[in-house]
Enquirer: 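This is the structure, below, for whatever I ask next.
Counting starts at 1 for both ligands and their atoms, in listed order.
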Amino acid sequence: MDYLPVFLDLRGRLVLVVGGGAVASRKVELLLQAQARVRVVAPQLHPELVRHRDAGRIEHHGGEFEPQQLQGAAFAIAATDQREINHAVAAAGAARAVFVNVVDDVGASSALMPAIVDRSPLIVAVGTGGHSPVLARRVRAQLEALLPERLGELARLAGRARERARLLLPDIDQRRRFWERLLAGSVASQALAGRAQEAQRLLDDALQAAASGAPGARGEVYLIGAGPGDPDLLTLRAQQLLQQCDVVLYDRLVSAAVLARARRDAERVFVGKESGRHRVTQERIHALLLEHAGRGMRVARLKGGDPFIFGRGGEEIDVLARAGITVIVVPGITAALGAAAAAVLPLTQRGQAQSVTFVTATGEGAQALDWRSLAAPLQTVVFYMGVAQLPRIVAHLRAHDAPATRPAAIVERATLPEQRVIAGCLDDIVQRAQGAQVQAPALLIVGDVAARAAHAHGQQFIGSLVPTGSTKA
Ligand code: SAH
């Protein structure tokens, strides 16, 4: 190891920055965040630095660098574009045993500035010993995506309870086990989901339980929207929770690629329904949720798209709430939004669609829909459907005066590698779908915007161009 990473407490300590350009300005910004006293030496100042000087946040020396300016400094940064000056700062620092970072010059530096992920008070610093700052920044970007935004709040929550834990759990091993369980469990997931009060309550309970020797572990359920299929469309929170769950209950619509993002050793339980014939009933799913969470497991309930759009998510949270099991709901990209993006088809568009409606047209419910309003112009209607319903949907729309020329598109397996888009109009979409042997899952998008699907897909596209603006019969 060529460098020792350390965290410097610079609060109220003097730091010298030589240079007044954009690079120096960024360093000063960081130093001010770390509450250092900053002295800038530069004949000219970047506008941001002028602002800090005028506000009295930094001390400014307008002349040349002189070694005595290092007097009393805990640390120095040389950020001029002149090598000789930078090296003079480094030499003066070495003579006074002050660490100096020379920007972009590892050889002259006695200290290197890491790439930072800031979840204060939790901070991750990444360095490559100057071998590849770009690589350090890439690692930083990966960590940014990996580390929940509220990790700092979790750290503070734990910090506030440390003293109490020390008193209640005098044995150090017992205390370590307590914290490990706590930070892997519902206190952490609640805090990271922004539910500070609930997290605090669970922490207090867990501490009491641990002190009285009770097991204390409580299960919880994450109701996670898995999105339309492409795993890169998972939310960061979905990925984080999938990485920490013990069990995954997943539907038929959850793609293999999404499922692969779950913790490797998590138990995977398929609870999908086979086309119409219920392989696993909703009641059985409820029972499985209660059973696993009741055993103290962290259960990820993965549903295609968004759990609250035609997903029966509401029923599942009601059952869990009645059993006193905490649930975290993570939204997902619903199939309509995934399909629209993948088919490059805006769902609203000035002059063509002022509103968008998501409808499910499966089952007996279809009869009760307000077909007159769904058939009206200047809107987009997205039908979540069993493919077999397609002829009925089109017949209903036509019977309520939607013109035969109204554009319609089917997006099959949206966002997955096998995605297909079939474009046409109400008059021919059924026939085109049959010709293309469309299979579930697929969506039907009706409205003038659907004509764009054909344009966007050009030659590879199944279907033909349909005139736009043709909503009048
Ligand atoms: N909760 C889900 C919808 C469940 S209903 C969501 O928010 O997306 C199931 C219907 O969603 C399917 O019949 C199909 O119409 C649609 N669907 C789901 N995933 C799809 C996909 N990848 N491509 C096209 N349609 C999809």
Enquirer: Anything under 3.5 Å between an N or O on ligand 1 and a protein N or O? List each pair with its distance, or write none.
Expert:
unit_1: ligand 1; atom_1: 1 (N); unit_2: Gly304; atom_2: O; d: 2.9
unit_1: ligand 1; atom_1: 1 (N); unit_2: Asp306; atom_2: O; d: 2.9
unit_1: ligand 1; atom_1: 1 (N); unit_2: Ile309; atom_2: O; d: 2.7
unit_1: ligand 1; atom_1: 7 (O); unit_2: Asp306; atom_2: N; d: 2.8
unit_1: ligand 1; atom_1: 7 (O); unit_2: Asp306; atom_2: O; d: 3.4
unit_1: ligand 1; atom_1: 7 (O); unit_2: Thr334; atom_2: OG1; d: 2.6
unit_1: ligand 1; atom_1: 8 (O); unit_2: Thr334; atom_2: OG1; d: 3.3
unit_1: ligand 1; atom_1: 8 (O); unit_2: Ala335; atom_2: N; d: 2.8
unit_1: ligand 1; atom_1: 13 (O); unit_2: Met385; atom_2: O; d: 3.0
unit_1: ligand 1; atom_1: 15 (O); unit_2: Met385; atom_2: N; d: 3.0
unit_1: ligand 1; atom_1: 15 (O); unit_2: Met385; atom_2: O; d: 3.4
unit_1: ligand 1; atom_1: 15 (O); unit_2: Ala442; atom_2: O; d: 2.7
unit_1: ligand 1; atom_1: 22 (N); unit_2: Pro228; atom_2: O; d: 2.9
unit_1: ligand 1; atom_1: 22 (N); unit_2: Ala414; atom_2: N; d: 3.4
unit_1: ligand 1; atom_1: 22 (N); unit_2: Ala414; atom_2: O; d: 3.2
unit_1: ligand 1; atom_1: 23 (N); unit_2: Ala414; atom_2: N; d: 2.8

Enquirer: Indicate yes or no: does Glu315 engage Arg312 in a salt bridge with an N to O separation below 4.0 Å.
Expert: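 Looking at Arg312 together with Glu315, the answer is yes, because their closest N to O distance falls below 4.0 Å.
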Enquirer: Under 3.5 Å, sequence neighbours excluded: what are the donor-acceptor pairs made by side chains of residues 144-159?
Expert:
unit_1: Glu144; atom_1: OE1; unit_2: Arg119; atom_2: NH1; d: 3.0
unit_1: Glu144; atom_1: OE1; unit_2: Arg119; atom_2: NH2; d: 2.9
unit_1: Arg150; atom_1: NH1; unit_2: Leu192; atom_2: O; d: 3.1

Enquirer: Is a salt bridge present between Arg201 and Asp205, judged by a nitrogen-to-oxygen distance below 4.0 Å?
Expert: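 The answer is yes: the pair qualifies as a salt bridge.
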Enquirer: Name the atoms and distances for all side-chain donor-acceptor pairs under 3.5 Å in residues 375-383, with sequence neighbours left out.
Expert:
unit_1: Gln379; atom_1: NE2; unit_2: Ser373; atom_2: O; d: 2.6
unit_1: Gln379; atom_1: NE2; unit_2: Leu374; atom_2: O; d: 3.2
unit_1: Gln379; atom_1: NE2; unit_2: Ala376; atom_2: O; d: 3.0
unit_1: Thr380; atom_1: OG1; unit_2: Leu347; atom_2: O; d: 2.6

Enquirer: Salt bridge or not for Arg176 and Asp173, using N-O below 4.0 Å?
Expert: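 Result for this pair is yes, salt bridge flagged.
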Enquirer: Can you name the ring pair (Phe, Tyr, Trp, His ring centres under 6.0 Å) partners of Tyr250, sequence neighbours left out?
Expert: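 Listed in chain order: Phe270.
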